[in-house]
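Since the structure is predicted, the reported quantities are computational estimates derived from the model, not experimental observations. One-based numbering along the sequence shown. Just the heavy atoms: all of them, side chains too, but no hydrogens, waters or symmetry mates, feed the values below.
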Amino acid sequence: MRKRALIVLALLATVGCKNFKDGFDKEFKTSFAREFATSCTKAAVDKGGVEATSKLACECLGKTLVERHTTGELTKLSMSPTSDESKKMFADAASACRPKAP
């Protein structure tokens, strides 16, 4: 009986950890996309970009990055935005956000 209770507790803990991880990932990605779009837009405007156009492009980039990458990959991107891996992530996202020709 005691062994069965331990197994049930272990299973509940596993489910709880998965729920925590899923919730953390969702919140992290929501925050990442929002903060990315804000800082990207500010940088673009500071360099002479039009705010409305820059905002749309930066929101697309942030959304694409969080859809395609894990929280671990996004953390690496934030820590080392000029690495070759980060440059590829940005280029792939930019390609996905580029308007398609009719």
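Nearest approach of S54 to T41, heavy atoms of both residues: O-OG1, 3.9 Å. Heavy atoms only, all atoms of each residue included: F32 and S78 are closest at CE1-OG, 3.3 Å. Taking both residues in full, the closest heavy atoms of C58 and A37 are given as CB-O, 3.8 Å, listed atom of the first, atom of the second, then distance. The two atoms that bring F90 and L61 nearest to each other are O-CD2, 4.4 Å, heavy atoms only.
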* Asked: Does the pair K88 and D92 meet the rule for a salt bridge (charged side-chain N to carboxylate O under 4.0 Å, His left out), with working shown?
  -> CA-CA 6 Å; K88 180 172 179 0; D92 290 346; 2.9 Å; yes

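By the side-chain contact (heavy atoms from CB on, under 4.5 Å) test, T71 pairs with D25, F28, K29, sequence neighbours left out. By the side-chain contact (heavy atoms from CB on, under 4.5 Å) test, S31 pairs with R34, E35, sequence neighbours left out. Scored by the side-chain hydrogen bond (donor to acceptor under 3.5 Å, both in side chains) test, E67 finds K63 as partners (sequence neighbours excluded). Partners of S83 according to the side-chain contact (heavy atoms from CB on, under 4.5 Å) rule, which considers only residues two or more places apart in sequence or in another chain, are S80, E85, S86. Here A33 pairs with V66 under the side-chain contact (heavy atoms from CB on, under 4.5 Å) rule; sequence neighbours left out.
To the nearest 0.5 Å, atoms CE (M89) and CG (L74) are separated by 5.5 Å.
At a threshold of 4.5 Å between non-hydrogen side-chain atoms, the residues L77 and H69 do not count as touching.
Annotation: side chain to side chain donor-acceptor pair (under 3.5 Å) contacts involving residues 42-51, sequence neighbours excluded, comprise K42-D46.
Judged purely by atom type and a 3.5 angstrom limit, S95 has no side-chain atom pairing as donor or acceptor with the backbone of A91.
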